[in-house]
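Scroll down for the structure; my scribbles are underneath it.
Proteins come first, then strands; the chains are lettered A, B, ... in the order of their sequence lines, and each starts at number 1.
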Amino acid sequence: MKILFFGTPRFAEIILQGLLDHHFDVVGVVCQNDKPAGRGKKMKSPHIVELAHNHNLPVYQFEKIREHIDDFKAMDYDLAVTASYGKILPKNFLDIKPCINVHPSMLPKYRGATPIQSALLNGDTTTGVTIMKTEVGMDDGDIFVQKQVQILPEDDYVSLLDKLANVGLELLVDTLKKIENGTAKRTPQDDSKATFVKLIQKEDALLDFSCNVENLVNKVRAFAESPVAFFFLGDDRIKVYKARVFSKETNGKIGEILSTKKHFLIQAKDGVFEILKCQSAGGKVLDASAFLNGYHFKTMVEGV
RNA sequence: CGCGAGGUAGAGCAGUUCGGAAGCUCGCCGGGCUCAUAACCCGGAGGUCACAGGUUCAAAUCCUGUCCUCGCAA
């Protein structure tokens with residue numbers, strides 16, 4: 001069975017690597033276009049391109065799929081597999097050959113672009129992965145199989161994505177084998193229970209200390225890779241990579257810095273928020289203790 | 001040539017404007033105090049001030065070039 005793989009970010013990379021490790025016959029990789037990235041606006045390929053090249057797989061980066069329908073018709077493949085490709089596939093493409101998708105949530109919950117972040121933001125303790133048929137609608141195709149995954153308190157976007165991708169791979173391999181031997185079954189989703197999650201805006205990552213501490217910590221977890229939760233210390237924009245709930249005390253004023261010694265504590269609405277890893281503009285990502293050693297708190301109130 | 005910040009002790013930073021003895025906080029080592037401590041006190045080790053060249057009686061500091069790190073934007 002010849003597989004045409006669609007995927008762009010790390011989640012897709014893990015799945016693709018796994019398919020290759022399991023010796024599936026991947027005949028090509030379709031991913032998003034190169035984009036200008038980093039300082040100096042140099043064009044940069046998605047990381048998955050390197051993986052594809054290492055295995056001598058042809059890479060296709062089409063601006064619009066619908067303008068390349070004939071190209072796809074000319075390709076020799078039996079099944080398209082998508083894993084966070086990043087673009088919506090049009091009907092005339094899906095009509096060519098069957099297509100299945102790996103989605104990191106327990107569908108019909110969290111249809112859309114940001115299921116992993118959403119689970120973390122909402123403080124869920126479980127999520128999952130679904131293998132489904134790709135249809136025109138957003139993540140609404142029939143389900144082949146799905147599996148729950150625990151979310152640990154210490155999980156963030158990076159670690160959870162890793163877990164979900166690996167479980168997704170396992171389910172995908174299983175499903176592909178069943179499709180090959182004709183034993184694959186699928187059941188429709190219950191659309192009435194569907195929920196949708198939107199794209200993340202940069203401003204979503206701003207930490208508002210008048211929120212509950214758990215929400216703040218969940219933001220840090222959900223946005224750990226990008227765009228990274230942040231707040232302003234005077235004029236300095238501080239990115240927070242790791243944080244936790246320090247206590248449920250509410251003795252300080254909201255937004256007040258309660259300690260800059262050993263612990264970096266800020267009063268939130270219903271508890272104390274502790275920053276464990278952060279970064280100021282121009283600096284590296286530091287443990288809170290290192291950050292506190294040299295940072296000059298000018299206008300902020302110090303306590304303890 | 002998109003905009004900007006930075007490289008000084010193991011870590012994080014000040015010092016650079018205006019050249020004139022290498023500093024701070026933390027960590028580390030040793031000692032003291034304490035029932036005890038992420039506490040406090042005393043002492044100590046640890047630096048080619050990113051690299052190269054230039055100016056100068058004298059350069060972390062001024063000039064030129066190179067390398068590296070990071071924030072924004074996309």
Spacing of the P atoms in B:C42 and B:U25 (rounded, Å): 11 Å
Length of the CD-P vector between A:Gln279 and B:G12, whole Å: 13 Å
Same-atom distance (P) from B:A73 to B:U16, integer angstrom: 31 Å
Interatomic distance, A:Tyr295 OH vs B:C24 C1' [rounded to whole Å]: 17 Å
Centroid separation A:Tyr157 to A:Phe223 less than 6.0 Å: no
Carboxylate-amine/guanidinium proximity below 4.0 Å for A:Lys133 and A:Asp142: no
Parallel, tilted or perpendicular: ring planes of A:Phe62 versus A:His68, cut at 30 and 60 degrees: parallel
Rounded distance in Å - NZ (A:Lys44) to P (B:A73): 17 Å
Donor-acceptor pairs under 3.5 Å, side chain of residues 32-42 of chain A to any protein atom, not counting sequence neighbours: which ones?
{"residue": "A:Gln32", "atom": "NE2", "partner": "A:Gly86", "partner atom": "O", "Å": "3.4"}
{"residue": "A:Asn33", "atom": "ND2", "partner": "A:Glu63", "partner atom": "OE1", "Å": "2.6"}
{"residue": "A:Asp34", "atom": "OD1", "partner": "A:Ser45", "partner atom": "OG", "Å": "3.2"}
{"residue": "A:Asp34", "atom": "OD1", "partner": "A:Gln61", "partner atom": "NE2", "Å": "2.7"}
{"residue": "A:Asp34", "atom": "OD2", "partner": "A:Ser45", "partner atom": "OG", "Å": "3.1"}

B:G20: pairing nucleotide in any strand, Watson-Crick or G-U under 3.5 angstrom: B:C57
A:Lys42 NZ - B:G2 P separation (whole Å): 9 Å
Rounded C1' spacing from B:G2 to B:G54 in Å: 32 Å
Atom C1', compared across B:G31 and B:A14: separation rounded to whole Å: 30 Å
Euclidean distance for P, B:G46 against B:U55 (whole angstrom): 34 Å
Spacing between A:Glu203 atom CD and B:C72 atom C1', to the nearest angstrom: 16 Å
Distance test, side-chain N/O of A:Arg39 to OP1/OP2 of B:C72, below 4.0 Å: no
Residue matched to B:G65 through Watson-Crick or wobble contacts both under 3.5 angstrom: B:C51
Rounded interatomic separation in angstrom, taking CG from A:Leu233 and C1' from B:G12: 15 Å
Distance test, side-chain N/O of A:Lys262 to OP1/OP2 of B:U25, below 4.0 Å: no
Distance between P atoms of B:G4 and B:C41 (Å, rounded): 45 Å
Separation of the C1' atoms in B:C24 and B:C18, to the nearest angstrom: 23 Å
Flag, side chain of A:Gln189 to backbone of A:Asp139, donor-acceptor distance under 3.5 Å: yes
Complementary nucleotide of B:G30, counting Watson-Crick and G-U pairs under 3.5 Å: B:C42
Touch class at under 4.0 angstrom, heavy-atom based, for A:Lys239 against every strand present: sugar-phosphate
Length of the NZ-P vector between A:Lys284 and B:A50, whole Å: 14 Å
Span that lies between the P atom of B:G15 and that of B:G6, in whole angstrom: 10 Å
